[in-house]
Amino acid sequence: MLKFYACLIWTLSLGLDVLSQGDMVVPTPSRVVQSKGVHVLPDMLQINDENLPEYSKDVLKQWVTKELKKNLLFNAAGNDITFQRLQNVPADSYTIDILNGIKISYSSDASCFYALQTLFQLVDREAGTVANCFVSDQPKFAWRGMHLDVSRHFYTVDEIKRYLDLMAHYKFNTFHWHLTDDQGWRIEIRKYPKLTQIGSVRAQSLVGHASNNPEVFDGVKEEGYYSQNDIREIVAYANKRYINVVPEIEMPGHASAAIAAYPELNCLDTTVKVVEKWGVFEDVFCTKPQTMQFLKDVLEEVCQLFPSEYIHIGGDEVPKAHWEKCGNCQKTMADHRLKNTHELQSYFIREMDVFLTSRGKKLIGWDEILEGGLSENATVMSWRGTSGGIEAAKKEHFVVMSPTSHCYFDHYQGESAKEPLAIGGYLPLEKVFHFNPIPDALEPYQANYILGAQANLWTEYIANVKHLDYMIFPRLLALSEVVWSTNKCDYEQFIVKLENKQLPFLDEKGVNYSTTHRRTKTEVVEKNGQIKIVAKASNPNWTVEISSKGKPSMAGTGSSFYDLKPTNFPMKELYRVETKDGETVVGVDTVVINNQPFLGKKWTISPEPSEHYSGKGAVSLTDGIIGSRPWNGKEWLGFQTDTITFTYDYGQDGRHNTIELNLLEASSSWIYLPKKIRCTYYKANGKKRGSVEIQAYAERIGFVQKKAKYAKVEIQVIMDDKIPAGQPGEGQKPWFFISEIITLP
Ligand code: ACM
Ligand code: ZN
């Protein structure tokens, strides 16, 4: 009853008439034409299997008997379900025609399988009926990927199979299997047995966030690897489901586990162990001939095991410090006339490209492989935003889009305080749903180089399947709309599909999905200089009330707001947001406002923050919200420039004794404190009144100017040019993140 009620209101909320099952399919088919009436499925389905590919036959049988709980007979004369293979139609397209029977036409074995996945969603199993309709469908992108890091935490063969099953149901076709990293080598290589004997075991793991000080470890061994038989079993399992498995063997960085097993692969004569914490580490593969040969031997076995055309060689986050000091690497540079270590990295990748090409494979790597020159046949996986992908597509190389901004499922999907510990970032369901893998910067012919997109799941903070499910679902469904659908529904309808059809399906499968999208969305916004708390329920029929110190605002149906007034002195104010379904409380939220005299006033900012971290613009600095830690994208303004200037012009004599900045330091996300901050005060006539400069050493910085009058204040932030060696993002421009500027009278 509860479910039915929920279903009814989710439907009404959209103002739609009765929704049919055809409106509930995820990913949305290219076309669904609904007609009147339903087709009743008989208790014994007679299925014509003349044109039914073998695996689809198994899948159909399983579904009819186990899920639909009916019987079936494969029979050349049967006409309850018939199949037809079509030539000269788009790749992987299919149609389903339902009227008195079910007729499926398809262009490939894969698309017959996809047609069945759609059919399973169309059928009302309880009623044993399927609405009359016509569906035609084809994929938008050829690369529809999900990635899984099994190095930081190991997942068993059965757990991987379950992951593949869920991917296949939502029409994903690429599994990027991240098999090696600093914290564990997980693939058996016959020629080098110590890789798994030593490299697949780490003594313990970090507890809590990598930025915590002091570091705490759990003292629990983490181990596991896939034998070559396991690998073959998983590859076959995936291929049956039309999923290509792309293995990743990380090089030249993220190599500590391999170096722990074979210390001679290192540049320096130091002891290396399988790493027990999270980050980027300086022990990378040396470029000497023995190491290059070792890697080619490894790739030789990998090429044998994986039928995939693409082999991923990593290439990301390579600290160059050891290469700079290593005699062997200096010799490689001299021998090959390489000017710097970026060119050395490029040389390294090119060697692997030549090797893989000679084995009939294609190299794919993270976008760092662009640095120092992109190898001839390489495909680029763009993760540090989309710019690497744009550059590669313009150079006519293939690209898979996987930017942190939209595709990192290890990032928070809601406010960090209410979510399980994650690395950081903020990627709500809606943002995944709205991702467009084709950047505006590309000409149509260049856009053809974008093969598709994939989400990445790094597992530093994800130690079991329950948590893994939570990070992936329902964001995977939103991504399926992005990569499959040529006719994506709107977000409101997507939520209706989730609530009515897809989440109940995931319940049946025992998937522990997140319900963060159901939370009341509480935001602090500015309108005409007024700061308000605005709370919007995910269901428009629920009531929302915002109160402070027991004093409520007006309760609203679907949403409510509360106007805030600046205080003379900085102070913390607590607001409570309560959401009710009738008399039942369905959610309680609290909002802490750091009120101040400048609440809602706008500083001028130059240059503008990055489009990825632009918050709500200038008002983010005075909206009363201090950014949380681990950081959560929406609360911060982020810049990747040498200097950033914040100005407040009082227009006449005004002053504040203290100005406090709230900054962020998160080196694992390339976010650094400034090198210097200079605060300059001006008189009303424009003349400089004085200035104070401080080295930024903390996340909270205050400038004090007691008793001085001034009319304008300018805060100039000066950043270091480069992220220091040995840190994640080494050599890149550091990011500057600021959440608030607070003034004291
Ligand atoms: C990556 O996230 N380091 C590719
Ligand atoms: Zn070396």
Side-chain angles (χ1 to χ4, degrees), residues 145 147-149 151-152 176-183 210 246 248-255 258-259 262-270 272 278-295 312-336 338 341 344-345 347-348 351 364-371 380-386 388-389 400-411 422-425 427 453-462 667-670 723 727-730 732:
H147 150 290
L148 181 64
D149 163 15
S151 171
R152 276 59 178 261
H176 173 167
W177 201 2
H178 184 80
L179 286 161
T180 73
D181 215 302
D182 297 298
Q183 296 82 359
V246 178
E248 180 179 351
I249 306 295
E250 265 274 14
M251 61 185 83
H254 292 285
I259 294 171
Y262 293 97
E264 60 272 28
L265 303 170
N266 205 353
C267 285
L268 309 181
D269 199 11
T270 51
V272 173
W278 322 126
V280 170
F281 304 93
E282 290 194 351
D283 297 294
V284 303
F285 288 122
C286 182
T287 61
K288 62 193 167 198
Q290 301 92 298
T291 311
M292 302 303 271
Q293 189 54 47
F294 161 85
L295 288 166
H312 203 300
I313 52 75
D316 60 317
E317 301 179 319
V318 189
K320 312 286 192 302
H322 289 191
W323 286 358
E324 301 283 1
K325 285 186 249 173
C326 169
N328 286 313
C329 287
Q330 294 302 316
K331 179 171 183 321
T332 313
M333 285 171 65
D335 289 351
H336 298 274
L338 305 170
T341 48
L344 182 58
Q345 161 145 347
Y347 156 82
F348 187 107
E351 283 283 299
I364 181 166
W366 301 110
D367 57 54
E368 283 93 332
I369 65 172
L370 281 152
E371 293 160 8
V380 171
M381 192 167 265
S382 191
W383 74 280
R384 298 175 301 172
T386 52
V400 176
M401 284 296 186
S402 194
T404 50
S405 58
H406 292 80
C407 294
Y408 268 48
F409 286 7
D410 58 336
H411 287 188
I423 188 166
L427 180 56
Q454 96 179 13
N456 297 333
L457 196 72
W458 303 101
T459 58
E460 289 94 332
Y461 298 90
I462 305 167
S667 60
S668 59
S669 300
W670 311 8
I723 293 174
Q727 295 298 324
E730 145 175 8
Q732 297 287 316

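We count ligands from 1, going down the list as the structure has it; atoms in each ligand are counted the same way. Quick caveat: nothing in here was measured; it's all calculated off a predicted structure.
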A.B. asks: Mind reading off the angle at the Zn ion (ligand 2) between the SG atom of C329 and the SG atom of C326, rounded to 10°?
C.D. replies: 110°
A.B. asks: Would you mind listing which atoms of ligand 1 come within a distance below 4.0 Å of any non-hydrogen atom of W458?
C.D. replies: 1 (C), 2 (O), 4 (C)
A.B. asks: Contact between Q330 and M333 at the side-chain level, heavy atoms closer than 4.5 Å - yes or no?
C.D. replies: yes
A.B. asks: Using 30° and 60° as the class boundaries, would you call the ring planes of Y347 and H336 parallel, tilted or perpendicular?
C.D. replies: tilted
A.B. asks: For the metal site, I want the angle between atom SG of C267 and atom SG of C286 with the Zn ion (ligand 2) at the apex, to 10°.
C.D. replies: 110°
A.B. asks: Give me the residue, atom name and distance of the protein heavy atom closest to atom 2 (O) of ligand 1.
C.D. replies: Y408 OH, 2.6 Å
A.B. asks: Measure from the side-chain N and O atoms of D410 to the backbone N and O of L457, and report whether any donor-acceptor pair falls under 3.5 Å.
C.D. replies: no
A.B. asks: Look at atom CG of D269 and say whether more than 12 heavy atoms of other residues, nucleotides or ligands are closer to it than 6.0 Å.
C.D. replies: no
A.B. asks: Taking the ring centre of each residue, are H312 and W366 less than 6.0 Å apart?
C.D. replies: yes
A.B. asks: Is there any N or O on D316 that sits under 3.5 Å from an N or O of ligand 1?
C.D. replies: yes
A.B. asks: Quick check: does any side chain N or O of E368 sit under 3.5 Å from a backbone N or O of E317, one acting as donor and the other as acceptor?
C.D. replies: yes
A.B. asks: When only distance counts, is W383 in polar contact with ligand 1, meaning an N/O pair under 3.5 Å?
C.D. replies: no
A.B. asks: Enumerate the atoms of ligand 1 whose separation from the nearest heavy atom of E317 is less than 4.0 angstrom.
C.D. replies: 3 (N)
